[in-house]
Structures are given as C-alpha cells and as structure tokens.
Amino acid sequence: MSDSKKDLQDAVPDVAKHVLRDGHEIPQLGLGTYPMDDAEAEALVPEALWRGYRLVDTAVNYGNERGVGRGIRSSGIPRSELFLTSKIPGRDHGRASVRRSLEGTLTRLGTDHLDLYMIHWPNPGVDQYVQTWREMMTARDEGLVRSIGVSNFLPEHLLRLEAETGEMPVVNQVELHPQYQQEALRRFHQEHRILTEAWSPLGRKTDLLQSEWLAEIARKQGRTPAQVVLRWHVQSGIVPIPKSSNPQRMAENIDVFEWELTDEQMERLRMMHTGISGSGFDPAVHEEM
Ligand code: A2P
C-alpha cells in the first residue's frame, strides 16, 4: 500500500449516524468480517479503521473475534470512537450460558463492553431465544453491553420477545440487498422503531453486481455498482456492513455519503427485487449452533 496511514486518516469520509431507540448512536455503515479468519481480521481491521470505518461487526461463529480485537488495538484508533458488535451462537442460548459466552467474547476482543450484542439466529428448534434475551437485558443493565439486538429474526420472533419480556431489540440484522429487499419486515421494523442492518448487502452468491440496470446507474453517477448498492441501503435508512478483504474496495464501499441517487434511480433499484435470497437460509427453520 502506497498511502501512508496519516494520508488515509486525513482523507476519511465522515460517516453519518443513526440514533437507536435506546438513545445510543450507530454509524450508518460498517465493516462486515465474515468470512475473515483471525489472521485476516488482524491485518484488515486496521486498514478499514484508517479508511474511516467505525462500526466493526463480528460473531462468535465467525471465529475471528481475537483477530478483530488485535486489529483494533494495533490501529491506534481509540476504543471510545468505535462501535463494536458481536453475536451469541445457538449453542450458547439459555440462562446458564449467556454470561459465559459474553465474557468469552469480551476477552477475545480485549474490551470491557460491546456497543451492540445480538442473538445470531432465533434457532426456533432450540426455543431458548426468549431466555437468552432476558440474560442479554441483564448484561445491558449491568453495562457489559450498551445496546441489545438480534439477527435473522422474523416478526413472529420479535413479537414473542415483546410479549414475554416487554422489550423489543433496537436492531435486527438480516440478509438484505436490492434483489432481496425484505419490504414487509422493514415496515414492521419501522412500526416498532427497530433499525434494519443488512448482512450480505452486496448480494454475495447472487448476480446482483453484474446487473445491467445497476451498471447503467453507476455509469450515470460516475460510481461503481457496489457503491450504488451501498448508497441505496444508506438512502433507505438501512445500515449495510459490506465485507471486503481488499483495502481499495473498503475505501470504495465507505465513499457513499457525499452524493445521492435520484428518486428515479431509487425506484429502478426498488424494481430489482426478485425475492431470491443468496444464502437460502430461512430463519423459521434454519438452525445454526
Ligand atoms: P473482497 O473481500 O475480495 O472484496 P457481502 O458483504 O455482501 O457479503 O459481500 C462480500 C463480497 O463482495 C466479498 O466476496 C467481497 O470480496 C466482495 N466485494 C466487497 N466489496 C466489493 C466491491 N466494492 N466491488 C465488488 N465486490 C466487492
């Protein structure tokens, strides 16, 4: 890399923030770290932070929390400027194991708190997500995590959390991109003031980035197809967490705050929905331990 760390930091874009229902602020775009391993995360997280990323998303099941933690420390960016998120796996659901799992996450990351802690999947077959949520509420009240959220939850799961604990998450991180727009779920989120975060925001395992419509919008904007997709997320109020292991693409992906898509372009993108998920995972039946 030819750019010095200082040059990079002088030129970083200003990522706007959303205010969550619980009053905490979250950057409008972050770095996804799946499927980086520890060594990759350790090398790449600083590259992202020097390019302006402040939200870093990991999970116990990514197996890279230690590398993410090392990368954060070696970047020289103060922990207080970062928004660090991780997720509890299915095998750690339940009253007895949440605290142990969270402590393992904090130790591996080398931090005393998370900014957002999520249930990775509802795992309805295990049927322990409500009890897990209660334990997360306690961890939040004790200051180990600032905000609590979920990932891959359907309205039926969210409604059950509210009915049994009186509290809904402030974030639901789901698979989402222009070919898989999750409009009904997003309306539900809006009604309940749940922020939508998007995993696979660039449509990994789909042909999204090869779309001719996208290429045309990108040409008109003087941007890349990936930037158009990420701008669509941001302009739709969705927080995308694109993963890239390539520093140049990391910089490209965060450069989506100083320009806008037109209403007509947004409408074009809305019409790209096919309803076909890249992963094929259905949270109603998917079990991931
Ligand atoms: P790479 O890590 O080599 O950049 P998602 O976040 O939707 O899961 O997508 C991640 C995938 O998209 C990775 O394979 C990543 O590859 C690739 N990717 C990330 N940024 C871009 C970009 N700006 N243009 C094209 N592909 C990208």
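Order of listing sets the numbers, starting from 1, for every ligand and every atom in it. Predicted, not measured: the structure shown is a model, and the values here were computed from it.
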Over all heavy atoms of both residues, which pair between Pro201 and His233 is shortest? Give the atoms and the distance, please. O-NE2, 2.9 Å
Ser200 heavy atoms within 4.0 Å reach ligand 1 at atoms 5 (P), 7 (O), 8 (O)
Taking only residues two or more places apart in sequence, or in another chain, which ones meet Phe153 in a ring-ring contact (aromatic ring centres under 6.0 Å, His included)? Tyr129, His157
Could you go step by step and tell me if Leu44 and Leu31 meet the side chain to side chain contact (heavy atoms under 4.5 Å, CB included) rule? CA-CA 10 Å; Leu44 292 165; Leu31 178 74; 6.0 Å; no
Which atoms of ligand 1 are found less than 4.0 Å from any heavy atom of Ala226? 22 (C), 23 (N), 24 (N)
Location of contacts on Leu209 toward ligand 1, heavy atoms closer than 4.0 Å: side chain
So if I count the atoms of ligand 1 from 1 in the order they appear, which ones are less than 4.0 Å from some heavy atom of Arg204? 7 (O), 8 (O), 10 (C), 11 (C)
Which residue in the set Val60, Thr132, Val150 passes side-chain contact (heavy atoms from CB on, under 4.5 Å) when paired with Ile88? Thr132
Ligand 1 to Ser245, heavy atom cutoff 4.0 Å, flagged ligand atoms 1 (P), 2 (O), 4 (O)
Would you please determine whether Asn253 falls within less than 4.0 Å of ligand 1 on a heavy-atom basis? yes
Heteroatom distance test (Asn246, ligand 1): nitrogen or oxygen, under 3.5 angstrom: no
Heavy-atom pair of closest approach, residues Met250 and Tyr53: O-OH, 2.6 Å
Distance flag, aromatic centroids of Trp121 and Phe281, threshold under 6.0 Å: yes
Ignoring hydrogens and angles, tell me if any N or O in the side chain of Asp115 forms a donor-acceptor pair with the backbone of Leu84 under 3.5 Å. yes
Hey, which atoms in ligand 1 end up nearer than 4.0 Å to a heavy atom of Gly203? 7 (O)
Protein contact to atom 7 (O) of ligand 1 [nearest heavy atom, distance to 0.1 Å]: Leu202 N, 2.8 Å
Residue and atom name of the nearest protein heavy atom (relative to atom 1 (P) of ligand 1), distance in Å to one decimal: Arg249 NH2, 3.5 Å
What orientation do His120 and Tyr62 show, parallel under 30°, tilted 30 to 60°, or perpendicular over 60°? perpendicular
Contact check: Pro242 vs ligand 1, nitrogen or oxygen atoms, below 3.5 angstrom: no
Proximity to ligand 1 by part of Lys243, non-hydrogen separation under 4.0 Å: both
